[in-house]
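Below is one structure, written out as structure tokens; comments come after it.
Sequence positions, counted from 1, serve as the residue numbers for this chain.
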Amino acid sequence: MVQGNALVLGGGGVTGVAWETGILAGLSEAGLDVSGADLLVGTSAGAAVAAQLGSGTPLSDLLEAQRAGAAREIAATIGPAVLARFVWTMLTTRDPGAYGRAMGRLALGARTVSEADRRSVIASRLPSHDWPERSVKITSVNARTGEFRVFARDDGVALVDAVAASCAVPGVWPPVSIDGEQWIDGGMRSAVNANLATGCARVVILAPITSGFGAVQSVGRQAAALRTAGSEVVVVSPSREAKARMGRNSLDPSQRAAAAEAGHRQAPQELDRVAAVWR
């Protein structure tokens, strides 16, 4: 029996964090607050948003933080060599575990900022470093084995570490050390990992990235599977206008304000679709 509701927050870099925050704040201002979902599922950028929502910080404050600009973020980009490796591995790998291991090798061999410096950035994103009381699931992938893992409050893992692991883009940011292993971006399994909302009656998916092929399932396929299992599902992704305002480099902190505004402007256009599921 399906029951309860879930907000699934997908990956998409610092601009993804900002866009998702803008969408949520805009919906709330229009009278539809989905941020109080029974279950929050966070992948990569979405992990940071899930933790922010779980802190209880008002959406208006979270939006203003994004509008304020770069903050303590470190500018980065996914270079052509790294991007080519992503694409080639997707095209040639059908097994999720094998894909995770390949991305783990990329991450472990890359020159990046230190793990401590990156952790400091993630810590600065979170209004609270304590796990929320409600159900929050943060996704990651083991860099050595390719194993998918879901971090939650009762695991004994610090929230900052769980979010940092989920945000550890291979080839850009360092893997995160947890429980004697090293962990990378949960997006290496799926941009949203929406299957974790199976069993929820109503599911809203915010997906800055919707594509997927090979070992990485697309958002559309995951949403279809949830519907087959009995859930009502709506997927919200950036509009054409929002994509243009967000820019091409999702890891550029200077685009945070523009991305937040893009989400905020898009929210009224999505209100009826989201309300039809949520209410």
Open item on the list: Any heavy-atom pair between the side chains of Arg189 and Thr139 that's under 4.5 Å?
Closed with: no
Task: Interatomic spacing from OG in Ser211 to CD in Gln217 - rounded to 0.5 Å - done: 13.0 Å
TODO: Any chance you could measure Leu251, atom CG, to Ile78, atom CD1, to the nearest 0.5 Å?
DONE: 5.0 Å
Open item on the list: Evaluate Leu53 against Leu7 for side-chain contact (heavy atoms from CB on, under 4.5 Å), listing each step before the verdict.
Closed with: CA-CA 11 Å; Leu53 296 178; Leu7 176 60; 3.8 Å; yes
TODO: Sort out for me which residue in Arg67, Arg256, Arg245, Gln266 forms a side chain to side chain donor-acceptor pair (under 3.5 Å) with Glu261.
DONE: Arg67
Task: Check: Leu226 and Asn195 side chains under 4.5 Å, non-hydrogen atoms - done: no
Task: Any residue meeting salt bridge (charged side-chain N to carboxylate O under 4.0 Å, His left out) with Asp61, in chain and number order, not counting sequence neighbours - done: none
- [ ] Please report the C-alpha distance between Glu73 and Arg125 in whole Å, then the side-chain angles of each, then the deciding distance to 0.1 Å, and finally whether the salt bridge (Lys or Arg N to Asp or Glu O under 4.0 Å) criterion is met.
- [x] CA-CA 9 Å; Glu73 299 288 340; Arg125 290 182 184 177; 2.7 Å; yes
Task: Distance (rounded to the nearest 0.5 Å) between Glu20 CD and Leu9 CG - done: 5.0 Å
- [ ] Verify whether one side chain among Ser166 and Ser140 offers a donor that lies under 3.5 Å from an acceptor in the other.
- [x] no
- [ ] Determine whether Phe151 and Lys137 make a side-chain contact, defined as any pair of heavy atoms from C-beta on separated by less than 4.5 Å.
- [x] no
- [ ] Take Arg118 and Cys167 through the test side-chain contact (heavy atoms from CB on, under 4.5 Å) and record every step on the way to the result.
- [x] CA-CA 10 Å; Arg118 177 61 175 165; Cys167 293; 3.7 Å; yes
Open item on the list: Are Leu159 and Leu126 packed together at the side-chain level, in the sense that at least one heavy-atom pair is separated by less than 4.5 angstrom?
Closed with: yes
Task: Interatomic distance, Thr77 atom OG1 to Asn249 atom CG [nearest 0.5 angstrom] - done: 4.0 Å
TODO: Report the distance from atom CZ of Arg105 to atom OG1 of Thr89, rounding to the nearest 0.5 Å.
DONE: 8.0 Å
Task: Worked verdict on Arg119 versus Asp161 for salt bridge (Lys or Arg N to Asp or Glu O under 4.0 Å) - done: CA-CA 7 Å; Arg119 190 184 193 279; Asp161 290 333; 2.6 Å; yes
Task: Residues which pass salt bridge (charged side-chain N to carboxylate O under 4.0 Å, His left out) with Glu29, listed by chain and number, not counting sequence neighbours - done: none
Open item on the list: Name the residue from Ile23, Val274, Leu27 that meets the side chain to side chain contact (heavy atoms under 4.5 Å, CB included) definition with Leu206.
Closed with: Ile23
Open item on the list: Among residues at least two apart in sequence or on other chains, which ones pass side-chain hydrogen bond (donor to acceptor under 3.5 Å, both in side chains) with Asp33?
Closed with: Ser35
Task: Phe86 side, atom CZ; Tyr99 side, atom OH - distance, nearest 0.5 Å - done: 5.5 Å
Task: Donor + acceptor pair across side chains of Ser120, Asp117 (<3.5 Å) - done: no
Open item on the list: Checking side-chain polar atoms at under 3.5 Å, does Gln222 have a donor or acceptor matched by the opposite partner on Ser190?
Closed with: yes
TODO: With Gln52 as reference, evaluate Leu40, Thr57, Val17 under the side chain to side chain contact (heavy atoms under 4.5 Å, CB included) test and give the passing residue.
DONE: Val17
Task: Steps toward side-chain contact (heavy atoms from CB on, under 4.5 Å) verdict (Val234, Ile205) - done: CA-CA 6 Å; Val234 61; Ile205 301 173; over 6 Å; no
Task: Check against side-chain contact (heavy atoms from CB on, under 4.5 Å), Val157 and Arg149 - done: CA-CA 12 Å; Val157 174; Arg149 178 170 177 179; 3.9 Å; yes
Open item on the list: More than 12 heavy atoms of other residues, nucleotides or ligands under 6.0 Å from CZ of Arg273: yes or no?
Closed with: yes
TODO: Examine the side chains of Glu115 and Ser177 and answer whether a donor and an acceptor come within less than 3.5 Å of each other.
DONE: yes
